[in-house]
Number of protein chains: 2
Amino acid sequence: MDMTRHSRSNLAGVLRQHGINPTHQRIEIARALFARFEHLSADQILALVNEGHPETSRATVYNTLNLFVQRGLIREVIVDPSKVFYDPNTQPHYHIYDVRTGRLADIDADSVRVTGLPDLPPGMVTEGVDIILRVRSAAPESEAAVQGAA
Amino acid sequence: MDMTRHSRSNLAGVLRQHGINPTHQRIEIARALFARFEHLSADQILALVNEGHPETSRATVYNTLNLFVQRGLIREVIVDPSKVFYDPNTQPHYHIYDVRTGRLADIDADSVRVTGLPDLPPGMVTEGVDIILRVRSAAPESEAAVQGAA
DNA sequence: ATGCGAATTAGACACAGTCCAATTGCTGGA
DNA sequence: TCCAGCAATTGGACTGTGTCTAATTCGCAT
């Protein structure tokens with residue numbers, strides 16, 4: 001019996017707790033996210049789950065990730081216009097994003113305080129507050145690729 | 001001579017101040033954004049600029065918006081995984097986003113205070129801080145479309 | 001074994017955004 | 001006025017992410 005922290009049996013339990021029928025594919029997808037505990041794109045997850053011999057289709061990966069998000073098992077992180085990242089950490093926290101490298105890291109929510117956010121219009125509810133600190137290396141970027149005017 | 005606030009001649013001046021050669025197409029694109037002073041997607045801008053008789057291609061709209069962003073004339077707002085919004089307001093401010101309707105509105109930065117953000121790794125520079133307040137109507141959403149497990 | 005609903009699948013599709021080679025159009029000389 | 005040169009624009013092909021659909025397979029209870 002595999003008793004590592006993110007064993008299949010443990011993950012099956014977690015899925016059930018979220019009202020998700022734990023199939024083989026769903027467990028493997030959950031494992032890709034929770035074993036690494038990193039921000040991954042759908043594409044990366046598809047590749048991870050299928051290394052060795054392919055066993056999960058692209059449609060299933062997308063279906064499953066959307067299901068996990070709906071059930072509150074994981075979070076979407078929208079920082080890059082070209083792809084969504086999936087975040088196994090559902091604790092309140094924020095993100096720091098390197099716009100050059102695409103690297104995404106967590107900022108613990110405990111230390112951060114936000115005040116002065118406006119009252120919501122009546123009948124509105126907060127889904128969440130995203131804070132994204134966009135950073136880059138101070139070294140001047142090569143301007144070669146900039147399509148110029150002037 | 002048209003002296004309204006966002007007349008072509010005024011806009012041409014603004015473009016020049018940002019080192020952008022003010023061509024006809026660029027002025028019309030700037031006008032779509034600055035006259036309305038709203039968050040618009042590339043698609044919406046393409047449609048606005050070409051209502052009446054078409055005069056600007058899709059490639060030019062994308063080229064121009066990217067150029068405006070590089071030159072600091074407008075900002076990108078990344079809140080929706082499916083498309084980028086362009087924001088003519090470059091003053092520091094944050095956003096409130098209705099996840100159901102896709103409606104995007106500004107939050108004035110003056111009233112908001114954020115403390116406790118971590119120090120940056122050495123050699124890193126902040127590009128910007130995005131705060132997105134994700135909200136929805138409190139009315140329970142129809143669950144009809146939810147692909148279920150359980 | 002069989003039947004049945006749920007899950008998965010391949011592949012077509014939709015759509016935002018990029019790329020490229022060809023054309024257009026402006027500007028500044030001669 | 002004509003022309004050369006260069007920037008801007010263009011259509012259309014292309015890429016990549018994500019969705020949809022109809023058909024198949026899986027797992028389970030009987």
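Note on naming: letters A, B, ... go to the chains in the order of the sequence lines (proteins, then strands), and numbering restarts at 1 for each one.
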| query | Can you check whether Ser82(A)'s main-chain N or O pairs, donor with acceptor, with Asp80(A)'s side chain at less than 3.5 Å? | reply | yes
| query | Any side-chain N or O of Tyr62(A) under 4.0 Å from OP1/OP2 of dT19(D)? | reply | no
| message | So does Gly128(B) get a backbone contact from the side chain of Thr126(B), meaning a donor-acceptor N/O pair under 3.5 Å? | response | no
| message | Can you identify which nucleotide, out of dA16(C), dA8(D), dT19(D), has its nearest atom closest to the Asn21(B) side chain? | response | dA8(D)
| Proximity to the side chain of Thr56(A) - top-ranked nucleotide from dT9(C), dA8(D), dT19(D) | dT9(C)
| query | Parallel, tilted or perpendicular: which describes the rings of Phe34(B) and Phe37(B), with under 30° parallel and over 60° perpendicular? | reply | tilted
| Heavy-atom donor-acceptor pair, Asp108(A) side chain to His93(A) backbone, under 3.5 Å | no
| query | Taking only N and O in the side chain of Gln25(A), is any of them less than 4.0 Å away from OP1 or OP2 of dC26(D)? | reply | no
| remark: Of dA7(C), dT10(D), dG17(C), the nucleotide closest to the side chain of Ala42(B) is dG17(C)
| message | Taking any heavy-atom pair under 4.0 Å as a contact, classify Thr23(B): base, sugar-phosphate, or nothing. | response | sugar-phosphate
| field | Nearest-nucleotide 5' precedence on DNA chain C, Ala59(B) against Ser82(B) | value | Ser82(B)
| query | Within the pair Asn63(B) and dG17(C), is there a side-chain N or O less than 4.0 Å away from OP1 or OP2? | reply | no
| said: Without decimals, in angstroms, what is the distance between Lys83(A) NZ and dT19(D) P? | reply: 15 Å
| task | Taking only the side-chain nitrogens and oxygens of Ser57(A), find out if one of them lies under 4.0 Å from OP1 or OP2 of dT9(C). | result | yes
| note | In whole angstroms, the gap separating C1' of dG18(D) from CG of Asn66(A) amounts to 9 Å
| query | Rounded to the Å, how far apart are Glu76(A) CD and dT17(D) P? | reply | 15 Å
| query | NA contact type, Asp80(A), heavy-atom cut-off 4.0 Å: base, sugar-phosphate, or nothing? | reply | nothing
| task | Provide, to the nearest angstrom, the distance between the CD atom belonging to Glu55(B) and the C1' atom belonging to dG25(C). | result | 15 Å
| task | Kindly point out which of dA7(C), dG17(C), dG11(C) is positioned nearest to the side chain of Val84(B)? | result | dG17(C)
| field | Interatomic distance where CD1 belongs to Ile27(B) and P belongs to dC26(C) [whole Å] | value | 12 Å
| request: May I ask you to verify whether the side chain of Arg58(B) and the base of dG11(D) hold a donor-acceptor pair under 3.5 Å? | output: no
| query | Taking NZ, NE, NH1 and NH2 as the nitrogens, is one of them in Asp130(B) or Arg134(A) under 4.0 Å from a carboxylate oxygen of the other? | reply | yes
| task | Return the value, rounded to whole Å, for the distance between atom CD of Gln44(A) and atom C1' of dG18(D). | result | 16 Å
| said: I need the CG-P distance between Leu67(A) and dA7(C), as an integer number of Å. | reply: 8 Å
| note | Rounded to whole Å, CG of Asp43(A) lies from P of dG18(D) at a distance of 8 Å
| query | Which of the following nucleotides, dT9(D), dG18(D), dT9(C), is nearest to the side chain of Arg26(B)? | reply | dT9(D)
| request: Measure up the His39(B) and His95(B) rings against each other and bin them: parallel (under 30°), tilted (30 to 60°), perpendicular (over 60°). | output: perpendicular
